[in-house]
Amino acid sequence: LTSDPDVPILTLIHPDTAVDLQELFLNEKILTVSGKSFRGLGKNAVRLMINADIERLIQGLASVEMKISIDRRNSI
């Protein structure tokens with residue numbers, strides 16, 4: 001078995017284990033696999049396949065980052 005070099009996979013982890021990172025990405029209509037499915041990871045992690053629509057992914061990542069920043073500021 002091999003990995004396809006045209007479909008890289010990225011693992012993202014939020015430092016707060018209470019954050020459901022998959023849910024944040026789903027709100028942006030970006031499909032991920034929750035870290036709950038993998039040993040050593042939790043719901044604060046996702047695996048993300050990077051496809052050809054990179055602009056949509058960049059916009060979605062920016063939106064998730066913004067939501068995390070706003071939530072962090074509101075919790076202080």
Side-chain angles (χ1 to χ4, degrees):
L1 298 175
T2 62
S3 182
D4 187 334
D6 293 328
V7 186
I9 297 174
L10 177 68
T11 301
L12 300 170
I13 303 171
H14 191 286
D16 183 349
T17 58
V19 170
D20 187 339
L21 201 51
Q22 184 181 39
E23 182 179 321
L24 292 176
F25 278 99
L26 278 176
N27 290 338
E28 298 301 322
K29 299 183 178 28
I30 296 175
L31 299 178
T32 63
V33 177
S34 175
K36 294 186 297 188
S37 304
F38 301 95
R39 184 181 306 172
L41 297 175
K43 69 179 184 177
N44 62 317
V46 294
R47 286 185 49 162
L48 172 69
M49 288 189 297
I50 302 172
N51 61 28
D53 191 4
I54 194 71
E55 287 303 318
R56 173 68 189 106
L57 178 58
I58 291 170
Q59 291 172 359
L61 282 168
S63 293
V64 168
E65 289 266 5
M66 180 69 73
K67 169 84 170 104
I68 289 169
S69 295
I70 290 169
D71 288 348
R72 187 177 298 143
R73 275 185 262 146
N74 289 339
S75 68
I76 296 177

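Just the heavy atoms: all of them, side chains too, but no hydrogens, waters or symmetry mates, feed the values below.
- A distance of 9.0 Å separates CZ in Arg47 from CG in Leu41, rounded to the nearest 0.5 Å.
- Among all heavy-atom pairs drawn from Ser34 and Gly42, the shortest one is OG-O, 4.5 Å.
- Here Leu26 is tied into one hydrophobic group with Leu31, each link being a pair of ILVMFWY side chains closer than 4.5 Å.
- Summarising the hydrophobic clusters (Ile, Leu, Val, Met, Phe, Trp, Tyr; side-chain heavy atoms under 4.5 Å, direct or chained), the residues clustered with Leu21 are Leu10, Leu12, Val19, Leu24, Phe25, Ile30, Val46, Leu48, Ile50, Ile54, Leu57, Ile58, Leu61, Val64, Ile68.
- Shown here are the side chain to side chain contact (heavy atoms under 4.5 Å, CB included) partners of Ser37, two or more places apart in sequence or in another chain: Val33.
- Sorted pairs that involve residues 16-30 and meet salt bridge (Lys or Arg N to Asp or Glu O under 4.0 Å), not counting sequence neighbours, are lacking altogether.
- Scanning for side-chain hydrogen bond (donor to acceptor under 3.5 Å, both in side chains) contacts around Lys36 gives an empty result, with sequence neighbours left out.
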